Amino acid sequence: MQEETLKINVFKEVPKEAMNEVNHIIYTHESKQSYNEEKVGKDGLLEVSFTAKEEWKTPPMNFDYYIAQVSRQLKDPADPNKEIWKAEKIQVTINDTLPADLVRTEDMEKLGIKAHKQDGTPFTQAEMSELRKHFIFYRQGCLKVSQLTTPEFIDNDTVPVLLEMAEAKKTEKLLL
């Protein structure tokens with residue numbers, strides 16, 4: 001197996017009041033923590049530690065949701081001297097029936113929706129929130145972090161998050 005550089009980003013929703021539209025892109029999620037060049041264990045699993053910070057909380061909710069994204073560093077096909085990130089796996093599903101696309105910044109630090117209104121006017125705050133609600137859905141297994149620190153809300157410190165992304169092994173056969 002070849003050496004690869006992977007990057008894991010843990011995203012959280014941008015508060016609806018802070019969402020804005022720039023060049024028809026509404027950034028809906030931002031990376032709160034990034035893990036670069038992590039190594040897999042002998043079992044082939046990658047383990048990282050994540051603790052939500054107090055300042056990331058969004059009152060008055062009981063829980064905040066975080067999603068993980070795994071990206072792979074590749075050579076840029078347009079410029080072999082440049083390296084780019086390619087998103088491989090993320091804990092969201094996209095409603096592809098809407099005329100919109102999921103986009104990321106080059107450094108993978110922000111996640112957004114590229115969309116145009118038919119009349120060409122910018123989206124309002126309410127329209128941006130509705131678009132996010134109808135376009136991006138969390139997959140089962142995303143991180144659900146309690147805002148309350150009472151023992152009743154803490155079941156376990158470690159929550160496994162499954163993001164399957166493995167290369168198929170090739171075997172060669174010799175015919176005699």
Side-chain angles (χ1 to χ4, degrees), residues 1-59 61 63-94 100-115 128-129 131-133 135-147 149 154 156-167:
M1 182 181 264
Q2 69 184 50
E3 282 283 319
E4 294 181 313
T5 301
L6 297 179
K7 179 178 184 178
I8 300 170
N9 287 87
V10 179
F11 289 95
K12 185 175 185 301
E13 277 189 355
V14 173
K16 62 183 176 183
E17 309 79 37
M19 278 194 299
N20 56 17
E21 181 183 355
V22 179
N23 297 327
H24 303 290
I25 297 173
I26 302 160
Y27 288 105
T28 60
H29 293 76
E30 61 188 357
S31 178
K32 293 297 185 184
Q33 194 153 342
S34 191
Y35 307 85
N36 291 340
E37 301 180 29
E38 297 296 327
K39 301 285 184 205
V40 295
K42 289 181 181 177
D43 56 4
L45 298 176
L46 185 63
E47 185 177 315
V48 294
S49 177
F50 172 76
T51 302
K53 294 183 179 173
E54 192 68 28
E55 63 265 24
W56 298 345
K57 292 183 179 179
T58 316
M61 299 165 56
F63 294 95
D64 283 320
Y65 291 89
Y66 295 86
I67 52 175
Q69 172 183 274
V70 178
S71 308
R72 187 185 310 266
Q73 195 170 47
L74 305 169
K75 296 280 184 201
D76 187 344
D79 181 359
N81 296 324
K82 184 180 174 191
E83 305 231 317
I84 59 169
W85 290 104
K86 180 180 181 230
E88 295 285 347
K89 195 76 177 174
I90 189 167
Q91 290 180 301
V92 292
T93 56
I94 306 305
D101 294 304
L102 185 70
V103 294
R104 298 162 175 87
T105 52
E106 201 173 294
D107 61 1
M108 295 294 173
E109 298 293 314
K110 289 187 179 179
L111 185 70
I113 301 169
K114 185 170 188 170
M128 286 189 277
S129 290
L131 182 59
R132 175 168 65 186
K133 191 177 359 177
F135 185 73
I136 298 175
F137 303 98
Y138 295 135
R139 289 185 185 269
Q140 187 174 358
C142 69
L143 300 170
K144 182 178 177 183
V145 179
S146 173
Q147 289 196 9
T149 54
I154 300 173
N156 191 343
D157 289 293
T158 304
V159 179
V161 175
L162 183 62
L163 288 168
E164 289 185 26
M165 186 181 77
E167 276 188 31

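None of these values were measured; they are calculated from a predicted model.
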Please evaluate residues V70 and I8 with respect to the criterion side-chain contact (heavy atoms from CB on, under 4.5 Å), reporting the C-alpha separation (whole Å), side-chain torsions for both, the decisive distance (0.1 Å), and the verdict. CA-CA 5 Å; V70 178; I8 300 170; 4.2 Å; yes
Step by step, would you call T58 with K12 a side-chain contact (heavy atoms from CB on, under 4.5 Å)? CA-CA 10 Å; T58 316; K12 185 175 185 301; 2.4 Å; yes
Would L111 and I90 satisfy side-chain contact (heavy atoms from CB on, under 4.5 Å), going step by step from the backbone distance to the final call? CA-CA 11 Å; L111 185 70; I90 189 167; 3.9 Å; yes
Given F135 and L102, is the side-chain contact (heavy atoms from CB on, under 4.5 Å) satisfied, shown in steps? CA-CA 9 Å; F135 185 73; L102 185 70; 4.2 Å; yes
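In this structure, the side chain of D76 engages the main chain of A78 through a donor-acceptor pair within 3.5 Å.
Distance CZ/F11 to OG1/T28: 9.0 Å, rounded to 0.5 Å. In this structure, the separation between NZ on K110 and OG on S31 is 11.0 Å, given to the nearest 0.5 Å. Here the CG atom belonging to D64 is positioned 11.0 Å from the CG atom belonging to L143, to the nearest 0.5 angstrom. Atom NZ of K114 sits about 14.5 Å away from atom CZ of R104, to the nearest 0.5 Å.
Residues R132 and H29 have side chains in contact (heavy-atom distance under 4.5 Å, counting atoms from C-beta outward). Between I84 and P77 there is a side-chain heavy-atom pair separated by less than 4.5 Å. Considering only heavy atoms from C-beta on, I94 comes within 4.5 Å of I136 through its side chain. At least one side-chain heavy atom of W56 sits less than 4.5 Å from a side-chain heavy atom of Q33.
With K7 as the fixed residue, the salt bridge (charged side-chain N to carboxylate O under 4.0 Å, His left out) test singles out one of E83, E109, E88: E109.
Checked for salt-bridge contact, K32 and E30 meet the test: a charged N lies under 4.0 Å from a carboxylate O.
In terms of the side-chain contact (heavy atoms from CB on, under 4.5 Å) criterion, residue partners of T93 (sequence neighbours excluded) are, by chain and number, F137, R139.
Between S71 and A87, the shortest heavy-atom distance links the atoms OG-CA, 4.0 Å. The heavy-atom pair separating P80 from K75 by the smallest distance is O-CD, 3.3 Å. Scanning all heavy atoms of the two residues, the minimum distance from Y66 to V10 falls at CB-CG1, 3.7 Å. Across every non-hydrogen atom of M19 and I26, the tightest pair is SD-CG2, 4.0 Å.
A donor-acceptor pair shorter than 3.5 Å can be found between the side chains of Y138 and E13.
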